[in-house]
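For reference, the structure is listed below as structure tokens.
Side chains are part of it too, since the values below use all heavy atoms of this structure and drop only hydrogens, waters and symmetry mates. Chain letters run A, B, ... following the sequence lines, proteins first, then strands; residues in each count from 1.
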Amino acid sequence: MALPDALAAMLTNDAELALLQRDPAGLRERYALTDTELAMLVGARPAGYQVTRRNVQAKLWRAVNTRLPVTAAHLRDHQPDLWDEFASTVVRPPRPVHEHGIWESERLTTWLVAQDHGPLAAYARYELERAKLGRTGTGTPAGLRPAIHRRRVSADRLLTLAAGARVVVFDYDVTAGPPIHQLPERRTHVALHRRARDARVLAYRINAATASLLACCDGTQTADQIIERIGHGEDQAAIRAALDGLLAAELVRLT
Amino acid sequence: MLGSGLGYRAELAEEIDRHADRIDWLEVITEHYLFADEARERLRLLARRCPIVPHGVELSIGSDREPDAAYVEALAGLVEEIDAPWFSDHLCFTRTDRVALGLLAPLPRTREVARRLAGKAQRVQQAVGRPFLLENITYYVDLATPLTEAQFIAEVMEHCDCGLLLDLANLDINARNHGFDAIEFLQTIPLERVTQVHLAGGIDGEDMALDTHGEAVPSRVWDLLDELVARTPIQATLIERDTDFPDDFTELLTEIDRARTALTARPAELAGGA
């Protein structure tokens with residue numbers, strides 16, 4: 001049945017929709033439509049196509065909104081033309097139900113980054129990384145929280161970043177937002193973490209030194225080796241204490 | 001009879017809890033719970049309090065392909081877990097092999113498509129093990145097809161033993177947008193297969209009436225409900241609200257009460273039928 005393919009294309013692509021008026025024979029050829037099927041498409045009112053096309057784009061916004069709610073709201077409220085420009089280019093591929101909104105959010109984020117939309121692209125990346133880790137908790141404060149349990153690194157065991165953790169670098173301080181357009185422009189390292197038993201994703205604003213420390217926790221080095229490698233006359237006790245803190249916060253684990 | 005229910009939405013959850021005694025049953029969006037462990041736990045708790053019916057939007061029963069086996073298996077698990085009396089989805093396609101529209105798109109209304117769809121729906125119903133209700137959609141692209149919408153639905157019903165979820169708001173909007181008679185529609189479809197009804201409100205757009213689920217149920221739709229229950233016994237009504245939630249939840253409770261009154265006011269000769 002070729003008609004649904006043609007209709008889906010027309011509802012997701014302005015050029016294909018225009019083809020119906022401009023060159024119906026071309027449309028028939030492209031989608032191997034029968035004369036009857038082409039007549040079905042030609043016989044529908046143009047207004048119906050336009051309304052449905054807008055609804056397809058509204059559904060796209062809703063899909064993005066499930067994963068990037070702040071970014072989506074910003075685009076709707078402050079930069080609708082930018083959203084329209086993006087939405088007019090997107091044809092969504094079928095995805096499993098449990099991945100709803102992820103592909104669309106990745107596509108939007110990549111597009112914003114490529115278009116160099118500074119703080120908006122940064123915040124989209126921030127929300128996307130959180131979405132990929134799990135359901136976002138609301139009102140999670142940024143900043144390293146005090147350790148609950150005092151744990152100490154063992155000298156002979158390897159350190160690994162926790163499975164539900166990742167470190168991301170931004171050119172804007174995404175932890176200060178929203179509003180997105182007021183994000184301070186400064187290089188910001190953020191550790192995102194979803195604990196195994198917690199659906200929320202916690203965000204920690206960390207300094208570059210801590211980010212370097214976390215980068216060393218790749219499952220190939222012990223605490224002593226890490227301290228030896230990046231100590232460089234620094235206070236080795238302070239580095240060890242930092243590793244203890246990361247362990248206590250469950251951002252790293254012993255393997 | 002299941003009675004008069006409300007579409008469960010996160011924005012309404014607190015008020016639904018507070019007024020549980022005035023809502024006979026709840027309908028949830030299937031895809032919100034299919035693969036979501038945490039949400040599923042909440043749903044199990046909810047199902048202890050009142051009947052829950054899963055209502056899907058992504059089965060895409062009108063697609064060329066058979067429905068996704070993993071989806072159907074998960075749906076069967078969900079239905080069994082909450083002991084749903086039935087489950088529902090739409091007479092439409094939402095995707096092709098290459099494109100996910102994300103919305104309920106109209107099918108070419110031919111006998112061949114109707115029969116193929118009926119076969120798939122029958123197999124889904126068998127796999128899930130509970131009655132499968134198929135719902136009429138709102139469509140804005142009115143394909144110049146050989147069958148009217150009502151004839152298409154009748155053809156589908158002729159070739160499967162699934163039930164119908166008749167959305168009266170969709171019927172009203174389609175009738176106004178595409179210039180057909182809603183009563184004639186009711187006379188054409190097999191009304192004895194209608195198990196459940198959806199009631200909602202929309203707006204009048206620039207070119208067409210729009211199905212927004214963001215307004216009170218209009219009088220035209222209430223009139224259609226009265227027409228329907230005068231002709232056939234139905235088991236359940238449901239108020240759908242997805243946007244512009246009223247500040248005063250009483251507005252929705254009043255609609256639920258009104259639907260219940262309509263359900264129970266059916267003629268004596270039909271009263272024992274469901």
Side-chain angles (χ1 to χ4, degrees), chain A residues 1-13 16-17 20 31 33-34 36-64 66 87 90-101 103-104 134-135 197-200, chain B residues 29-39 56-60 62-65 68 70-71 74-75 92-110 112-113 116 138-146 174 177-179 205-212 242-243:
Chain A
M1 189 168 54
L3 187 144
D5 289 327
L7 181 57
M10 291 160 59
L11 294 175
T12 50
N13 186 318
E16 298 294 288
L17 186 53
L20 182 66
Y31 294 98
L33 296 167
T34 64
T36 305
E37 288 175 323
L38 182 63
M40 288 185 199
L41 292 167
V42 170
R45 285 169 58 199
Y49 287 111
Q50 296 301 339
V51 169
T52 311
R53 176 88 176 96
R54 285 196 292 274
N55 285 349
V56 168
Q57 296 188 356
K59 295 286 186 182
L60 173 64
W61 184 88
R62 284 192 201 176
V64 170
T66 61
V90 175
V91 178
R92 302 159 71 185
R95 305 292 303 165
V97 166
H98 65 277
E99 293 178 15
H100 179 66
W103 181 91
E104 295 84 349
R135 195 163 64 83
R197 298 163 304 281
D198 192 347
R200 293 172 307 156
Chain B
I29 301 299
T30 304
E31 289 77 8
H32 291 177
Y33 300 92
L34 221 46
F35 300 102
D37 293 341
E38 194 190 348
V57 293
E58 282 292 344
L59 181 61
S60 199
S63 287
D64 265 359
R65 287 181 182 275
D68 177 52
Y71 179 102
L75 175 59
C92 71
F93 75 100
T94 63
R95 62 179 173 274
T96 65
D97 283 352
R98 281 171 291 188
V99 178
L101 287 169
L103 59 65
L104 314 171
L107 290 161
R109 297 181 300 249
T110 67
E112 182 196 352
V113 170
R116 201 181 313 140
T138 298
Y139 54 94
Y140 303 101
V141 175
D142 186 21
L143 298 168
T145 54
N174 290 337
N177 283 338
H178 307 307
E206 201 172 304
D207 300 309
M208 301 178 118
L210 303 174
D211 180 32
T212 61
D242 289 310
T243 59

B:D207 versus chain A, the contacting section by heavy-atom distance below 4.5 Å = both
Side chain, backbone, both or neither: which part of A:L7 has a non-hydrogen atom closer than 4.5 Å to chain B?
-> side chain
Structural part of B:D68 lying under 4.5 Å from a heavy atom of chain A = neither
Who pairs with B:D211 by side chain to side chain donor-acceptor pair (under 3.5 Å), at least two apart in sequence or on another chain?
-> B:T138, B:H213
A:V97 side chain near B:T30 side chain, heavy-atom distance below 4.5 Å = no
Does some side-chain heavy atom of B:T110 sit less than 4.5 Å from a side-chain heavy atom of A:M40?
-> yes
Atom NE2 of A:H100 and atom NE2 of B:H32: how far apart are they, to the nearest 0.5 Å?
-> 7.0 Å
What's the spacing between B:F93 CZ and A:L3 CG if we round to 0.5 Å?
-> 7.5 Å
Cut-off 4.5 Å, heavy atoms of chain B, and the answer for A:V56 is both
Side-chain heavy atoms of B:M208 within contact of A:R45, under 4.5 Å | yes
Heavy-atom donor-acceptor pair, B:R98 side chain to A:A8 backbone, under 3.5 Å = no
Can you name the nearest heavy-atom pair linking B:A100 to A:P93, along with the distance?
-> CB-O, 3.6 Å
Interatomic spacing from OG1 in A:T52 to CG in B:L101 - rounded to 0.5 Å = 9.5 Å
So which of B:T145, B:V141, B:D37 has the largest heavy-atom pair count under 4.5 angstrom toward chain A?
-> B:V141
Just give me the residue among A:N55, A:V42, A:L60 that pairs up with chain B most often, heavy atom to heavy atom, under 4.5 Å.
-> A:N55
Based on non-hydrogen pairs under 4.5 Å, which of A:Q50, A:K59, A:R92 is most in contact with chain B?
-> A:R92
Pick whichever of B:A70, B:A144, B:A105 has the most heavy-atom pairs under 4.5 Å with chain A.
-> B:A144
